[in-house]
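Here is the naming used below: chain letters follow the sequence lines, and residue numbers restart at 1 for every chain.
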Amino acid sequence: MIKEIIHAHITEVIDKLKLKREREYSVEIPNNTEHGDFSTNCAMILAKDNKKAPKSLAEALIKELKKSKNYKKVELAGPGFINFYLSPSFYQRVFSEIRATGAEYATSDFGKGERVLLEFVSANPTGPLNIVSARAAAFGDTLYRVMRRVGFDPAREFYINDAGNQVDILAESLELRLREIQGDRIGEFPYEAYHGEYVKHLAHKLNATDGIRVFMMTEKDRMERLKDFALSELLEMQRNSLERFDVYFDGWVSEKTLRAEGVVEEVLSYLTEADCTYEKEEAIWFASSKYGDDKDRVLMKSDGSITYFVPDLAYHLTKIQRGFDTLIDIFGPDHHGYVPRIRAAFRAMGYDDEMLEIIYLQQVNLFESGERVKMSKRAGKIVTMDDLVSEVGKDAARYFFIARKANAHLNFDLELALKQNNENPVYYCQYAHARICSIIKKARKDKVWPRSFKKDLVKKLTKPEELAIIQRLADLPELLELIAEYREPHRLATYLEELSAIIHRYYARYQIVSAKSKELSLARLMLLDTTKTVMGIVFDLMGISAPEKM
RNA sequence: GCGCCAGUAGCUCAGUAGGAUAGAGCAGCAGCCUUCUAAGCUGCGGGUCAGGGGUUCGAAUCCCUUCUGGCGUGCCA
């Protein structure tokens, strides 16, 4: 917000001086506060094109820039940086604007209504959601919320792999457990079957309703019954886990349904028409290597069944057909070898594969007492998303996942996460919010809180910490646009921590309710009131609660 | 072997898409509660940005290369 104003001003001055500006320059907040509140490299960037020395160019610019009342000081520094020191009145004006916008603050039409499909989690419906799914859920959901706020038209979708080998194995595992309950000797439970306790629970539940009837069916009917039962139960379980995590989807797309609708044949015929399939060793292959993949891929196996790839591709095709401009898939780390073939298929079918964007979430390593916990779904040894939410709470879990950038491995120390103390930064941020609420409560109690704040109170806000708070608040609109554009929700966490730090410092240093004058109190209350609103917006984007007290 | 991702303080991680003296939290040390919540604040110590080349006014950031780790490389999903 402030940055844009300064940027626009610089551009105006450059044009006024009739200088060339062919290359982009930046306006930034310097790391070092001695370099001003904002700084630009424009003199260095434009020096070449204008055949002038950076410093003399900067001098000329500064002479013009200084005419604005927005700056207390504009100076030349280093090899040609122009540093701006903003005047309090500038901050105050910015603050008034933020305050006037209220809850709508940091909304924009930046995304221009671009239709974006976010596919995430899409876990196999063969067991409870695990930690990686939790990470994907937090990440995808927050990205969705931010994109929506800045003018994209995003939708969230969950692809259900309810067809294929793993479902057969699931049904067989359930059958074994069911027989076990009914007193059959099943011997050793097969290695490849699903070992988790949840299969036993499912078996008990099914036994209560269907009992022995299951075994009076034909083999085929029985498998269907077992599959349907297990899938609907497990899907419901996953959906509940996600809801506990405040993650909802606009669509749940079933692979089984897609297959039934004939999209598989559709995709096969498209690829055949594009003349990029062939038969070899009784299987049908896709010549994906012609389109950038490192080798060709099987579409139909020699036994006549299709590979996972085909319905998944069909699913992506429906996304395009439904009119989305951009498709974002949020995948786990084990999928990256799979992506080139989807891109290849896009190209083969004549679609622009640039519209498909893949975000890889790296794996989550669980540690317990400094030791890596190995997880295996088959063996039933996993820590579930529900376990996590129960133990550390939704807020901490979401925060933990959002706070790290996507393509970084995430080391999750269970013991540390269990400690609900100051080692967890989410409390630091929530505490800042709670403190503001506490001050406001006190102000109301002491009858300092006004019916409405007079606008010219802003003139009382002159302390460095107060201006720093305003500056951070003013950063939010641009930040959200960057997050949406680069798909980097983790920056919300950094922002929130920085803002919280200033609040804590401010709190420790100044009296609010009983400041030197009533007017000063009111001005500070007004500042905190707006800060509370902005923090509330950020917490909401992260799907984390903004507590009134802690 | 090949491909993708990563390597920043003791630990967990940021680093505003090339900017000035690389930051935060935790852990460690020393202080601060008769005043709106001490889950806080103030100060101190801590770095070969994995190594080496290159590109330029300027590199943690871009390019090349080596090393280390993770994942992938099925007619599994």
Side-chain angles (χ1 to χ4, degrees), chain A residues 3 26-32 34-35 39-41 44-45 47-48 54 77-81 83 124 126 161 163-167 169 255 280-285 294-295 297-303 305-309 312 332-340 360 362-363 365 370 400 403-413 416 420-428 430-432 434-443 445-446 448 475 478-479 482 485-486 490-491 493-495 497-498 500-501 503-515 521 525 528 549-550:
Chain A
K3 214 180 265 186
S26 65
V27 176
E28 287 173 357
I29 300 170
N31 286 324
N32 189 333
E34 285 168 25
H35 296 142
S39 129
T40 180
N41 59 359
M44 288 177 290
I45 295 286
K48 258 187 193 168
F81 289 100
N83 294 341
N124 275 340
T126 52
N161 292 132
N165 275 344
Q166 83 280 13
V167 181
I169 295 170
E255 178 185 348
K280 191 179 91 183
E281 292 162 9
E282 292 174 13
I284 297 175
W285 295 69
D294 35 329
K295 59 176 119 174
R297 307 289 172 173
V298 170
L299 296 170
M300 189 180 281
K301 307 179 213 169
S302 49
D303 67 0
S305 64
I306 52 166
T307 59
Y308 167 82
F309 174 53
D312 191 44
D334 48 343
H335 272 70
H336 66 248
Y338 172 73
V339 172
Y360 299 105
Q362 288 299 320
Q363 73 191 66
N365 297 322
F400 206 89
R404 277 144 185 85
K405 60 184 173 199
N407 52 9
H409 290 225
L410 198 161
N411 288 330
F412 201 114
D413 189 320
L416 196 72
Q420 298 203 15
N421 62 12
N422 57 343
E423 285 173 40
N424 200 329
V426 67
Y427 297 108
Y428 183 82
Q430 289 184 318
Y431 189 43
R435 274 184 150 173
I436 293 176
C437 294
S438 171
I439 292 169
I440 291 172
K441 200 170 148 194
K442 163 93 169 148
K445 195 178 145 217
D446 293 359
V448 183
D475 286 342
E478 192 202 358
L479 178 74
L482 287 170
E485 186 178 355
Y486 293 103
H490 75 272
R491 291 174 59 173
T494 315
Y495 174 80
E497 282 175 42
E498 283 167 6
S500 300
I503 296 297
H504 283 306
R505 206 177 312 136
Y506 186 51
Y507 176 94
R509 207 165 284 180
Y510 298 99
Q511 280 294 307
I512 313 296
V513 179
S514 46
S521 282
L525 285 169
L528 290 182
K549 60 176 180 181
M550 287 174 76

- Query: How are the rings of A/His335 and A/Tyr308 set to each other: parallel, tilted or perpendicular (split at 30° and 60°)?
  - Reply: perpendicular

- Message: Angle between ring planes, A/Tyr510 versus A/Tyr506, binned at 30° and 60°: parallel, tilted or perpendicular?
- Response: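 Taking A/Tyr506 first and then A/Tyr510, their aromatic rings sit tilted (interplane angle of 30° to 60°).
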
Can you identify which nucleotide, out of [options], has its nearest atom closest to the [X] side chain?
{"X": "A/Arg435", "options": "B/A38, B/C75, B/C13", "value": "B/A38"}
{"X": "A/Tyr431", "options": "B/A38, B/C36, B/U12", "value": "B/A38"}
{"X": "A/Arg404", "options": "B/A17, B/A14, B/A20", "value": "B/A14"}
{"X": "A/Ala508", "options": "B/C75, B/A20, B/C41", "value": "B/C41"}
{"X": "A/Arg297", "options": "B/G74, B/G70, B/A39", "value": "B/G74"}
{"X": "A/Phe81", "options": "B/G19, B/C75, B/C71", "value": "B/G19"}
{"X": "A/Ala77", "options": "B/A20, B/A77, B/C57", "value": "B/A20"}
{"X": "A/Pro79", "options": "B/G19, B/A77, B/G40", "value": "B/G19"}
{"X": "A/Ile439", "options": "B/C75, B/C36, B/U21", "value": "B/C36"}

- What do you reckon, is NZ of A/Lys445 surrounded by more than 12 foreign heavy atoms closer than 6.0 Å?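 Counting other residues, nucleotides and ligands, NZ of A/Lys445 stays at 12 neighbours or fewer.
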
With heavy atoms under 4.0 Å as the rule, sort [X] into base, sugar-phosphate or nothing.
{"X": "A/Gln511", "answer": "base"}
{"X": "A/Ala443", "answer": "nothing"}
{"X": "A/His335", "answer": "base"}
{"X": "A/Asn411", "answer": "sugar-phosphate"}
{"X": "A/Ser305", "answer": "nothing"}
{"X": "A/Lys405", "answer": "sugar-phosphate"}
{"X": "A/Glu498", "answer": "nothing"}
{"X": "A/Glu282", "answer": "nothing"}
{"X": "A/Thr494", "answer": "sugar-phosphate"}
{"X": "A/Ile29", "answer": "base"}
{"X": "A/Asp303", "answer": "nothing"}
{"X": "A/His336", "answer": "base"}
{"X": "A/Asp334", "answer": "sugar-phosphate"}
{"X": "A/Ala163", "answer": "sugar-phosphate"}

Does the structure show a Watson-Crick or G-U wobble partner for [N], both distances under 3.5 Å? Name it, or say none.
{"N": "B/C29", "result": "B/G43"}
{"N": "B/G1", "result": "B/U73"}
{"N": "B/A20", "result": "none"}
{"N": "B/A38", "result": "none"}
{"N": "B/U56", "result": "none"}

Grab the [atom1]-[atom2] distance between [X] and [N] for me, whole Å please.
{"X": "A/Tyr507", "N": "B/A39", "atom1": "OH", "atom2": "C1'", "answer": "12 Å"}
{"X": "A/Tyr510", "N": "B/U42", "atom1": "OH", "atom2": "C1'", "answer": "14 Å"}
{"X": "A/Asn165", "N": "B/G74", "atom1": "CG", "atom2": "P", "answer": "17 Å"}
{"X": "A/Arg491", "N": "B/U16", "atom1": "CZ", "atom2": "C1'", "answer": "5 Å"}
{"X": "A/Arg509", "N": "B/C32", "atom1": "CZ", "atom2": "C1'", "answer": "13 Å"}
{"X": "A/Asn407", "N": "B/C4", "atom1": "CG", "atom2": "P", "answer": "14 Å"}
{"X": "A/His490", "N": "B/G23", "atom1": "NE2", "atom2": "C1'", "answer": "14 Å"}
{"X": "A/Lys295", "N": "B/G72", "atom1": "NZ", "atom2": "P", "answer": "14 Å"}

Below the 4.0 Å mark, does [N] have OP1 or OP2 next to a side-chain nitrogen or oxygen of [X]?
{"X": "A/Arg505", "N": "B/U42", "result": "yes"}
{"X": "A/Asn31", "N": "B/U21", "result": "no"}
{"X": "A/Lys301", "N": "B/A77", "result": "yes"}
{"X": "A/Asn161", "N": "B/A77", "result": "no"}
{"X": "A/Lys280", "N": "B/C75", "result": "no"}
{"X": "A/His35", "N": "B/U21", "result": "no"}
{"X": "A/Tyr308", "N": "B/A77", "result": "no"}

Check whether any side-chain heavy atom of [X] lies under 4.5 Å from a side-chain heavy atom of [Y], and answer yes or no.
{"X": "A/Asn161", "Y": "A/Gln166", "answer": "yes"}
{"X": "A/Thr126", "Y": "A/Ile169", "answer": "no"}
{"X": "A/Phe81", "Y": "A/Thr40", "answer": "no"}

- Query: Do A/Asn32 and B/A22 have a side chain to base donor-acceptor pair shorter than 3.5 Å?
  - Reply: no

- Message: Could you check whether the side chain of A/Ser514 and the base of B/C36 have a donor-acceptor pair of N or O atoms closer than 3.5 Å, going by distance alone?
- Response: no

- Does B/G25 have A/Tyr428 stacked on its base, where the ring centres are within less than 5.5 Å and the planes differ by under 30°? no

- Spell out, as yes or no, whether a donor-acceptor pair under 3.5 Å connects the side chain of A/His336 to the backbone of A/Pro333. yes

- Item | A/Met44 vs A/Phe309, nearer the 5' end of RNA chain B by closest nucleotide | A/Met44

- Message: Suppose we call two aromatic rings close when their centres sit under 6.0 Å apart. Are A/Tyr427 and A/Tyr431 close by that rule?
- Response: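 That pair fails the under 6.0 Å test.
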
- Decide yes or no on side-chain contact (heavy atoms from CB on, under 4.5 Å) for A/Leu482 and A/Arg491, but give the supporting numbers first. CA-CA 9 Å; A/Leu482 287 170; A/Arg491 291 174 59 173; 3.6 Å; yes

- Minimum-distance pair of heavy atoms, taken over all atoms of A/Ala434 and A/Lys549: CB-CA, 3.9 Å

- Task: Using a 90° cut-off around 0 for syn, call B/C71 syn or anti.
- Result: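 It is anti.
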
- Message: Anti or syn, where syn is a glycosidic angle within 90° of 0; which label fits B/A38?
- Response: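 Anti for B/A38; the angle lies over 90° from 0.
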
